[in-house]
Amino acid sequence: MRLAFIGLFFLCTTIYAKQPAVTPHGVETPGVQTLPYVIDGNVKVFHLIAEPVEKVIYNGKINLLEEFVKKNNRYSGPTMKLPVEIQKIDGWGYNGNIPGPTIIVNQGDFVRFHVSNHLPEPTTVHWHGMIVPNDQDGTGGTADPVIMPGKTAVYEFQIVNEPGTYMYHSGFNDTKQALKGLDGFLLVLPKDGVDLASSDFAIMLQDWAIPEGSEQIKYLSMDRNWFTYNGLAAPNFPVLVVDEGERVRIRFGNLGLMSHPIHLHGYSFKITGTEGGPIQESAQWPAATVVIAPGETRDIEFIANNPGLWRLHCHVLHHILNDTSYFAQHQKNGIFPEGGLWTYLYVKPAKDQMTRASE
Ligand SMILES: [Cu+2]
């Protein structure tokens with residue numbers, strides 16, 4: 001019996017070892033759902049709904065970082081509280097969220113997108129970075145028609161791009177519609193699903209101008225005072241948790257108005273991809289900060305060989321505050337609580353991967 005068990009163990013181990021490294025968790029877009037699809041013949045069929053969305057970007061309460069920070073390390077002196085308990089935005093999004101759901105496809109797929117317009121004005125969807133036929137580019141009024149309010153249109157094409165991080169956003173009245181939240185990720189995975197990274201995260205960088213006491217997005221204002229990862233301002237954005245030794249990929253996208261130099265502590269990483277596709281290995285250079293300009297995506301990869309709780313944040317230091325305009329007006333020399341484009345990477349030490357923070 002014991003021998004049979006041991007034999008089975010080795011058989012299983014052998015079979016497992018012969019399998020290619022498949023992403024065990026898939027790509028995670030923290031706080032954002034993945035868009036489901038149905039199969040019609042050899043086509044993956046998706047449904048996007050463009051609609052008004054009231055989004056809570058900061059709830060004033062839930063600190064998702066706290067459980068990872070040792071009690072002794074927490075600063076307990078006088079702090080500056082935000083003037084708001086909750087910050088909502090009266091935006092436009094897809095399928096009830098800002099950003100819209102993450103679309104995940106495989107290279108070579110045939111895809112069809114039904115897009116329903118529940119907005120009070122025409123819209124389209126542009127597939128950002130995707131190599132599509134001209135009349136599927138979602139540039140309504142030029143290469144293809146607009147989708148009128150109450151109507152549904154269909155986009156259909158084959159995924160010919162290399163695996164990588166791409167995006168989608170409104171392509172009609174873009175300045176208003178994309179900046180009110182009509183955007184999301186479109187991720188292309190390898191044809192066979194084989195991937196070297198075992199933890200894989202997607203983070204959309206967003207900046208907003210919202211007057212104090214308001215939920216209205218001033219999309220023509222450059223006074224950007226709220227900043228979000230996937231529609232969530234710190235400390236409402238979750239900590240990214242990985243195991244020591246894993247190969248980690250973090251994909252960043254930016255469809256806002258500001259460039260964001262995102263800095264990771266404790267690591268030297270490689271920039272492995274852009275919105276144009278993967279960067280060949282010989283052209284990748286090491287960095288600890290990666291700038292993502294509007295319209296760009298950047299993938300970074302590294303081996304998580306340095307355990308601990310590491311900051312992952314924008315280095316435009318105005319962008320790690322919630323409501324900079326409030327602080328500028330009322331608290332010029334205060335102690336500012338962490339906010340905006342800020343979270344942590346928690347690399348679980350190999351010795352205690354069964355537990356989280358040792359506290
Ligand atoms: Cu920034």
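None of the values given here were measured: they were computed from a predicted structure. In each ligand, atom 1 is the first atom listed, and ligand 1 is the first ligand listed. Scope of the values below: all heavy atoms of this structure, side chains included, with no hydrogens, waters or symmetry mates.
Nearest N/O/S atom of His260 relative to the Cu ion (ligand 1): this is ND1. His319 has its closest N, O or S atom to the Cu ion (ligand 1) at the position named ND1.
Under the side chain to side chain contact (heavy atoms under 4.5 Å, CB included) criterion, Val43 pairs with Val45, Phe110, Arg112, Glu156, not counting sequence neighbours. Checked against side chain to side chain contact (heavy atoms under 4.5 Å, CB included), Ser325 has the following partners two or more places apart in sequence or in another chain: Asp223, Asn225, Asp323.
Among the backbone and side-chain atoms of His315, no N/O/S atom is found under 2.8 Å from the Cu ion (ligand 1). Residue side and main chain included, Cys314 places an N/O/S atom under 2.8 Å of the Cu ion (ligand 1).
The two residues Asn161 and Gln107 come nearest to each other via the heavy atoms O-CG, 3.3 Å. Of all non-hydrogen atoms in Leu186 and Trp127, the two that sit nearest each other are CD1-CE3, 3.7 Å.
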